[in-house]
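Quick note: numbers below take in every heavy atom, side chains included, and nothing from hydrogens, waters or symmetry partners. Naming: A, B, ... by sequence-line order, numbering from 1 per chain.
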Amino acid sequence: MFETVAQQLIIGLTNGMVFALVALGYTMVYGILEFINFAHGDVFMLSAFFALTLVGVIDVGQFHGPMLAVLLCGIVIASAGFGAVVNLSIDRLVYRPLRKSPKLAPLVSAIGVSFLLQNIGLIWGALPLAVFGGGGQPAAPKSFPQLLPSDNLLGAGSGLTLQIKDVLVIGASLAVMTALYLLVTRTKLGKAMRATAQDPQAARLMGIDTDQVVAATFLVGGGLAGFAAVIYALYINTVYYQMGYQNGLYAFTAAVVGGIGNIPGAVLGGLLLGLVRAFSDQFIGAQWQPAVLFGILIVILVFRPAGLLGSTAREKV
Amino acid sequence: MLVVDNICAAYGAIEVLHGISLRVEQGEIVTLIGANGAGKTTTLTCISGLHKPKSGRVTFEGKELVPVPCHDIVRLGIAHSPEGRRVFPRLTVAENLELGAYIRHDKDGIARDYQRIYDLFPVLRERQQQLAGTLSGGEQQMLAVGRAMMAQPRLLLLDEPSLGLAPLIVKRIFEVILELNRLGTTVLLVEQNARMALRIAHRGYVLETGQVIAQGTGAELLADPKVQAAYLGE
Ligand SMILES: Nc1ncnc2c1ncn2[C@@H]1O[C@H](COP(=O)(O)OP(=O)(O)OP(=O)(O)O)[C@@H](O)[C@H]1O
Ligand SMILES: [Mg+2]
């Protein structure tokens with residue numbers, strides 16, 4: 001029993017990290033624009049395709065040891081950069097021209113962009129690459145090679161599995177979240193972001209170029225999604241064109257549970273969701289997963305309508 | 001120093017300023033008084049760039065302001081403490097002041113100015129680490145004025161700094177305005193509290209439904225029977 005619980009804890013935490021990283025992108029954009037970027041999950045998906053393409057083109061599978069580590073770091077950074085640029089471009093091309101329109105216009109456009117990106121994913125998956133299985137079945141899940149060592153750190157005989165990749169996923173995610181925390185609380189850009197989120201007009205009076213702050217927010221959110229995508233792909237070893245839809249929905253839920261717009265809330269919500277999912281799969285059954293997750297979401301929102309860390313009243317004095 | 005020349009401004013299709021003209025000279029305190037909805041706030045936002053006039057010109061030290069984006073106008077030396085205080089509620093008092101100095105890079109000067117503002121408003125020093133949203137209304141107003149001062153403006157726009165404050169705090173705010181002015185900051189002050197504003201102002205303008213209907217020195221306006229009847233409650 002102890003081992004089962006501990007095992008689900010590990011699984012829940014690793015999955016939760018990915019949800020949290022994606023949830024951060026939803027929540028940061030919401031915090032500034034009060035707008036849900038429904039295409040965010042699909043930026044995550046495209047970044048995974050990008051990473052898999054790099055893996056295939058470089059033929060990463062043939063490398064080992066330090067060289068592999070360096071290549072993986074490079075792929076993580078490149079994919080984060082890719083996610084950042086895609087997210088920024090979406091904002092520039094689609095959302096920004098609609099900034100002064102009624103709120104529904106960018107929202108509906110975001111849903112449109114989401115479908116558009118999924119179709120790009122389909123086209124991308126049709127490329128004749130070996131890693132895409134030759135491209136004959138664009139919609140089929142593509143296997144992402146097992147690049148991280150999956151040895152059990154607790155020894156082959158242990159009933160509990162803690163893989164090196166678990167530790168890497170959790171460690172790297174924590175490092176990125178710490179960096180984000182420092183960015184938001186300590187740097188001038190971070191303070192400009194928080195000021196813009198709280199009162200954009202007053203922020204402009206301080207000399208803050210709020211358009212630039214919004215752009216920076218999309219850049220950071222996209223980078224987090226790109227990072228999360230590689231982590232996810234290395235961990236789950238499958239990518240497919242709808243992976244952004246499902247994970248995006250869960251991550252969005254995590255952001256809402258934590259209190260949309262609240263950065264620590266997104267991390268809390270993501271971890272909570274990951275853990276609940278792992279335990280419900282183990283003890284209730286995987287077929288009940290959505291019902292359990294969204295049931296809990298509803299219960300939390302009934303008692304805390306603004307989410308776990310969200311503030312109920314907007315402090316406008 | 002500041003010349004507002006015949007500006008018209010609208011929200012959507014509704015024009016609310018119908019050709020406002022006014023001047024502020026270096027070193028002055030100029031006040032803008034008028035009933036609710038007269039267009040005082042809109043006039044200030046047209047100067048600081050939050051709102052852009054439909055027509056007319058605004059020039060500051062000879063430079064045309066209308067084409068300059070709002071976030072660059074503060075870099076030219078105009079700081080605006082907006083109507084309703086608008087401090088950042090979930091940032092601390094110290095962080096609010098820090099954002100006031102967003103455009104500056106002189107670390108030492110900024111550190112000195114924190115102390116200067118804490119000396120003017122000692123209560124803010126005690127509350128440095130408190131979230132601005134949890135300050136009392138009066139404290140928030142002091143913070144809003146202090147935050148605008150952190151930009152080291154040559155022209156300070158103040159929109160109803162005394163609104164909703166206890167008489168003692170109003171007095172304190174007016175003392176600070178006089179003190180700042182004595183130290184060289186030019187002030188354009190919008191006030192409901194017309195009597196106090198006209199007392200400390202060198203000159204004033206009276207706004208009514210988007211037009212300037214009277215102007216003169218503070219003393220002249222205080223003595224004007226029409227102004228007395230409409231705005232001084234006599
Ligand atoms: N954002 C807005 N949208 C639409 N109309 C506005 C807006 N802001 C102001 N107005 C209108 O413009 C007119 C002038 O408003 P303004 O706020 O400039 O007046 P004011 O003199 O500052 O009034 P008060 O003393 O009440 O602050 C008013 O009729 C007001 O209803
Ligand atoms: Mg007003």
Side-chain angles (χ1 to χ4, degrees), chain A residues 27-28 30-34 96 99-102 181-217 258-266 306-317, chain B residues 12 41 44-45 47-51 68-92 94-105 131-141 143-144 147-148 150-153 156-157 159 163-164:
Chain A
T27 236
M28 289 178 72
Y30 184 87
I32 289 201
L33 295 176
E34 291 186 4
R96 190 156 154 189
R99 204 83 87 211
K100 295 208 166 71
S101 318
Y181 175 79
L182 293 177
L183 168 80
V184 171
T185 54
R186 302 287 161 81
T187 66
K188 203 164 174 174
L189 173 63
K191 281 173 190 153
M193 283 176 164
R194 287 190 289 153
T196 306
Q198 294 176 30
D199 191 334
Q201 287 202 332
R204 287 161 71 204
L205 289 179
M206 303 298 111
I208 295 168
D209 183 343
T210 50
D211 280 339
Q212 257 178 29
V213 169
V214 170
T217 306
I260 187 95
N262 183 298
I263 289 180
L308 292 174
L309 300 185
S311 53
T312 7
R314 280 187 71 80
E315 299 130 288
K316 281 262 162 69
V317 192
Chain B
T41 296
L44 288 195
T45 55
I47 298 169
S48 66
L50 270 183
H51 194 73
V68 180
C70 179
H71 60 261
D72 282 331
I73 287 181
V74 58
R75 291 180 168 79
L76 299 174
I78 302 180
H80 181 178
S81 168
E83 179 168 50
R85 310 188 270 261
R86 307 289 284 271
V87 296
F88 301 109
R90 277 160 284 138
L91 296 182
T92 63
E95 285 172 327
N96 267 275
L97 291 180
E98 197 180 331
L99 280 162
Y102 187 79
I103 57 167
R104 292 171 60 184
H105 301 284
L131 293 185
T134 64
L135 295 178
S136 78
E139 291 161 353
Q140 289 190 16
Q141 189 62 66
L143 179 58
R147 184 181 65 177
M150 287 301 294
Q152 270 191 326
L156 183 58
L157 311 177
D159 199 339
L163 188 73

Open item on the list: Would the distance check show the side chain of R75(B) and the main-chain N or O of H71(B) forming a donor-acceptor pair, the cut-off being under 3.5 Å?
Closed with: yes
Open item on the list: Using the side chain to side chain contact (heavy atoms under 4.5 Å, CB included) criterion, which residues pair with T185(A)? Sequence neighbours excluded.
Closed with: Y181(A)
Task: Any pair counted as salt bridge (Lys or Arg N to Asp or Glu O under 4.0 Å), so long as it reaches residues 183-193 of chain A, sequence neighbours left out - done: K191(A)-E98(B)
Open item on the list: Tell me which of these, G207(A), A203(A), A202(A), has more heavy-atom pairs under 4.5 Å with chain B than the rest.
Closed with: G207(A)
Open item on the list: Closer than 4.0 angstrom, basic N to acidic O: yes or no for D211(A) and R96(A)?
Closed with: yes
Open item on the list: As an exercise: rank T134(B), I78(B), L91(B), I73(B) by heavy-atom pairs under 4.5 Å with chain A and give me the winner.
Closed with: L91(B)
- [ ] Heavy atoms only, distances under 4.5 angstrom: which of L99(B), T45(B), I103(B) has the most pairs with chain A? Name it, please.
- [x] L99(B)
